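Inspection log for the structure reproduced underneath, given as structure tokens.
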Amino acid sequence: MSSDYFQLDVIGLEDRSQASSRTHAMIAAINSNRDFGLIDVMRGRKDEEVNVVYLMVDVECHGVPKHNKYGLRFRERMLIVVPQNDSIGTAVWAMRKDFPRLAHQNSVSALGPAQLCLYYEPMSVVARTWTAPSFLARILWWLEKNAKGELHLADQPLDTLFFESKHELVIPWDIADLTSGGKPLHVSGVRRADNGTTMRIANHLDADQGVLAKLVKIDLEPVESGEVEWDPHSLGELNDLMNRRGANLLDPLRLAMQQGFPEQGLTLKDEPASLLVLLSIPLRRASTGDVEGVSYRAFFLHGGALKVGMQLGALFDLDGRFYTSAGLLDGEEAVGWETIGLDPVTVLWENSAERARSQSGHSDSGPKGTVVGAGSLGSALIELWIRSGWGTWTVIDKDHIRPHNLARHSALNFQIGQPKVLAVSRLVEAITRGAVALTGVEADVMSSLNPEVGRALDASELVVDATADLGYPRASSANEGRARHVSVFVTPNGRSGVMMLEDTAKTSCLRTIEAQYYRAIIRSEWGRKHLDGHRGLFWSGASCRDLSMVLPYSSVMIHACQFAESIPAHIRSDVAAAVIWQREPDGGTDAISLELFERHVHKTVEGLDVYMDEGLHDHLRELRHQSLPNETGGILLGYHDFTQNLLVIVDALPAPKDSKGSPTSFERGTDGLPDLVAEARERTAGIVGYVGEWHSHPDGYPAAPSRDDLVQLAQLAVGMNEEGLPVVQVIVGSHEIGVVQAEVRP
């Protein structure tokens with residue numbers, strides 16, 4: 001029976017006092033476990049010191065079914081390998097020579113025992129709760145689950161054909177385009193600290209890293225998935241392995257080496273020293289099944305590209321110059337190719353947009369969109385979405401990188417003076433190597449004369465405003481024919497992030513949502529310090545307008561991450577949304593979602609468009625209802641935008657306590673009003689102020705101004721003329737709401 005097991009160069013450990021405490025714990029656990037039988041305790045024959053203790057055991061696993069198709073037996077001989085250095089994990093080897101190759105085995109020599117891979121987690125994690133008894137239980141679990149085929153579920157992706165290697169080959173996302181161009185592909189790489197090599201493929205020479213090999217890519221016929229293969233040591237072993245799987249290797253290899261070979265031939269000095277063969281192997285569950293995946297594996301072939309080509313019969317040597325044998329010898333001169341040595345190489349894929357989405361958890365490819373503003377927040381959003389493969393983006397910005405921008409921008413020092421859109425575009429290129437394209441438009445988005453701006457906005461499915469400015473989001477609301485917009489910004493103190501998202505029908509445009517946001521600030525306790533001041537301002541240039549906020553990049557990135565995750569989730573719905581994320585001093589975050597209402601536009605005779613929303617209409621009706629049968633009224637808070645000839649009414653305050661109302665008249669008081677107006681202006685960073693008056697009419701009277709109303713309106717207009725502003729009067733009737741405008745004209 002001894003010939004059925006691998007033989008080791010070991011001797012018995014006579015003095016067990018030299019063994020570590022972990023070794024003694026393992027021996028005790030084996031002796032107390034009825035499923036394990038200890039055969040021998042050994043050490044390396046040639047080791048001067050006891051560095052490793054080997055425990056030979058027989059394991060009887062009652063969970064292994066008889067005659068299971070995976071080739072596992074009720075009784076298996078195992079070797080438990082216990083390093084005496086406790087920082088190195090305990091391992092277990094299957095000593096039977098014909099032990100099957102199964103899932104969850106570590107890569108070892110095909111000439112030695114199989115090593116069981118017992119844990120999914122790295123040993124640094126396993127060590128925290130590892131005990132000798134639990135290790136033995138894990139061996140029994142591994143045997144039972146593998147014998148029943150339960151380590152892999154039926155719908156789990158197929159195993160790759162080979163184990164991992166310490167050498168890595170990174171496949172470009174555009175490998176199909178590179179290989180179809182007919183140009184020779186080369187491999188360059190860097191040696192890592194763990195003595196592994198990470199290599200990349202290119203159709204040009206990488207002077208910085210140096211050329212390691214010429215690449216030959218071979219697409220093989222589909223093979224049936226099954227056991228994971230040990231890496232072969234020679235081309236002959238690899239050819240036999242592929243033949244067993246039903247794939248022809250030699251003919252495609254010869255053909256690939258001959259393709260593109262120059263007619264004038266090559267000398268040894270013309271070629272890299274090595275040849276790297278990349279195999280593309282389609283996999284299916286059964287010989288007649290559909291292809292479900294592709295396994296990739298690469299191998300360094302020893303001996304140099306031209307010498308290997310000659311051994312395969314793909315090339316021949318004439319006076320020191322190598323030529324292709326295609327059409328001449330066709331492999332007839334193949335000699336000694338079976339002994340060509342191999343070094344296995346694990347294949348990794350460069351990220352495409354699809355792979356990035358899969359890794360990031362995005363269920364869709366995202367919109368064709370435009371980000372307006374490539375500042376700190378805009379550049380952060382672009383980077384986050386590009387890294388996750390979400391969306392196809394254009395970015396519009398007119399500014400360039402200045403030194404102070406580097407405190408919270410993705411740009412680098414050498415990019416000072418460059419346009420921000422160029423800095424962001426080059427960042428995207430550096431991340432994706434062109435797998436995701438970003439279009440940069442260096443322009444003022446407010447310019448109606450720039451055709452690139454118009455084309456980008458017209459072609460977008462989503463426009464993200466990250467300008468931290470009022471101009472664009474307000475202007476965009478006037479163009480209802482363009483895509484849905486979302487506006488995001490970080491408050492001056494960095495504690496809050498605000499997102500305003502239009503509905504797809506744009507009945508709640510950014511202008512209307514902005515007004516409701518201010519109303520929430522005025523009415524809510526959280527709004528008291530929401531837009532509080534600028535923790536500081538500093539001069540970033542010579543102009544009196546070159547002011548910038550004091551704000552750490554960490555605050556920008558915290559909110560950028562929140563926006564980057566929330567926007568994709570919110571745009572799945574057609575409805576509008578406004579969310580404020582408030583960061584507390586203790587690090588916690590509260591999300592405040594506002595109830596939003598559709599807009600109402602009242603056009604006055606004088607031509608001023610007055611914007612309100614259904615929520616404000618309801619508020620006015622409720623104030624009227626509470627005072628019936630008496631009339632009531634109060635002041636209106638809002639702001640003007642003369643670039644679009646409009647007034648936005650944000651809120652209507654109830655009648656002050658010293659007001660007088662009757663069924664036929666109303667006289668507004670003044671108690672507390674100056675303070676309320678000042679507080680509204682303070683809370684909204686100076687944006688919202690007094691814009692006019694409102695009052696109610698009793699039942700049966702229209703929402704039209706009476707003679708007394710017109711007199712009051714004239715008086716209000718005179719007062720507002722000191723600031724050069726028009727005034728409005730809102731009248732709330734039983735069934736309608738009317739708006740009247742007045743102003744003093746020269």
Side-chain angles (χ1 to χ4, degrees), residues 1-64 71-100 102-109 111-147 151:
M1 290 292 292
S2 62
S3 62
D4 294 335
Y5 301 111
F6 289 102
Q7 300 300 306
L8 303 174
D9 191 13
V10 294
I11 58 174
L13 181 64
E14 297 179 358
D15 183 6
R16 296 188 184 180
S17 64
Q18 302 178 49
S20 66
S21 58
R22 178 170 52 159
T23 305
H24 288 289
M26 184 62 72
I27 293 173
I30 293 171
N31 288 332
S32 63
N33 192 315
R34 64 182 181 87
D35 295 322
F36 285 77
L38 182 62
I39 298 173
D40 204 353
V41 180
M42 301 165 289
R43 55 170 292 181
R45 182 186 301 275
K46 298 179 180 179
D47 294 341
E48 294 182 2
E49 298 181 358
V50 180
N51 297 316
V52 179
V53 172
Y54 301 94
L55 307 178
M56 191 73 75
V57 297
D58 276 339
V59 184
E60 295 180 349
C61 182
H62 298 271
V64 173
L72 288 169
R73 299 174 182 174
F74 164 70
R75 181 181 292 107
E76 294 284 3
R77 179 152 299 181
M78 299 284 179
L79 185 72
I80 298 177
V81 181
V82 188
Q84 300 305 281
N85 182 343
D86 287 345
S87 65
I88 304 174
T90 303
V92 58
W93 296 352
M95 299 306 293
R96 179 158 57 96
K97 288 184 177 179
D98 57 350
F99 191 84
L102 300 169
H104 298 285
Q105 292 178 9
N106 292 324
S107 177
V108 293
S109 170
L111 304 178
Q115 186 184 74
L116 278 59
C117 180
L118 298 179
Y119 301 98
Y120 298 108
E121 303 87 354
M123 288 309 301
S124 59
V125 175
V126 173
R128 296 171 187 164
T129 57
W130 187 95
T131 64
S134 68
F135 183 78
L136 300 182
R138 194 72 176 182
I139 295 173
L140 294 172
W141 170 86
W142 189 97
L143 290 168
E144 179 178 349
K145 291 297 183 181
N146 254 313
L151 275 184

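Start at 1 with the first residue, then count along the sequence. Note that the structure is a prediction, hence the values are computed from the model and not measured. Below, each value reflects all heavy atoms present in this structure, side chains not excepted, and no hydrogens, waters or symmetry copies.
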So how far is it from [X] [atom1] to [Y] [atom2], rounded to the nearest 0.5 Å?
X	Y	atom1	atom2	value
Leu118	Leu140	CG	CG	10.5 Å
Arg22	Gln84	CZ	CD	7.5 Å
Asn85	Asn51	CG	CG	9.0 Å
Leu143	Asp35	CG	CG	10.5 Å
Asp15	Gln18	CG	CD	4.5 Å
Met26	Thr131	CE	OG1	8.5 Å

Within the side chain of His24, is there an N or O that forms a donor-acceptor pair under 3.5 Å with the backbone of Ser17?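 It does not hold such a pair.
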Do any N or O atoms from the side chain of Asn31 and from the backbone of Ile27 form a donor-acceptor pair under 3.5 angstrom?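 Indeed, once roles are kept as given, a pair shorter than 3.5 Å links the two residues.
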Pairing residues for [X] by the side-chain hydrogen bond (donor to acceptor under 3.5 Å, both in side chains) criterion, not counting sequence neighbours:
X	answer
Glu144	Lys148
Ser21	none
Thr129	none

Where is the tightest heavy-atom contact between [X] and [Y], given as atom of each residue plus distance?
X	Y	value
Ala29	Ser32	O-OG, 3.1 Å
Leu72	Ala147	CD1-N, 3.5 Å
Lys97	Tyr5	CE-O, 3.3 Å
Leu136	Phe36	O-CZ, 3.6 Å
Phe6	Arg96	CE1-O, 3.8 Å
Ala25	Ala132	O-CB, 3.6 Å

Output all residues satisfying ring pair (Phe, Tyr, Trp, His ring centres under 6.0 Å) with Trp130, sequence neighbours left out; order by chain, then residue number.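 By the ring pair (Phe, Tyr, Trp, His ring centres under 6.0 Å) rule, Trp130 matches Phe135.
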Kindly write out the residues that satisfy ring pair (Phe, Tyr, Trp, His ring centres under 6.0 Å) with Phe74, not counting sequence neighbours, or none if the list is empty.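 Listed in chain order: His62.
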If we only count heavy atoms from C-beta on, is the [X] to [Y] side-chain gap below 4.5 Å?
X	Y	value
Leu55	Leu79	no
Val41	Arg16	yes
Phe99	Glu76	yes
Met95	Met56	yes

Could you go step by step and tell me if Ile80 and Thr90 meet the side-chain contact (heavy atoms from CB on, under 4.5 Å) rule? CA-CA 7 Å; Ile80 298 177; Thr90 303; 3.7 Å; yes
What's the verdict on side-chain contact (heavy atoms from CB on, under 4.5 Å) for Tyr119 and Arg138, showing C-alpha distance, side-chain angles and the deciding distance? CA-CA 8 Å; Tyr119 301 98; Arg138 194 72 176 182; 3.9 Å; yes
Mind jotting down which residue pairs meet the side chain to side chain donor-acceptor pair (under 3.5 Å) criterion with at least one end in residues 38-48? Sequence neighbours excluded, please.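 Every pair satisfying side chain to side chain donor-acceptor pair (under 3.5 Å) with a residue in residues 38-48: Asp9-Arg45.
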Against Val53, only a single residue in Val10, Val81, Thr23 fulfils side-chain contact (heavy atoms from CB on, under 4.5 Å); can you say which?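 Answer to the side-chain contact (heavy atoms from CB on, under 4.5 Å) test with Val53 among Val10, Val81, Thr23: Thr23.
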Out of the candidates Arg34, Arg77, Arg75, only one should pair with Glu60 under the salt bridge (charged side-chain N to carboxylate O under 4.0 Å, His left out) rule; please name it.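 Single salt bridge (charged side-chain N to carboxylate O under 4.0 Å, His left out) partner of Glu60 among Arg34, Arg77, Arg75: Arg75.
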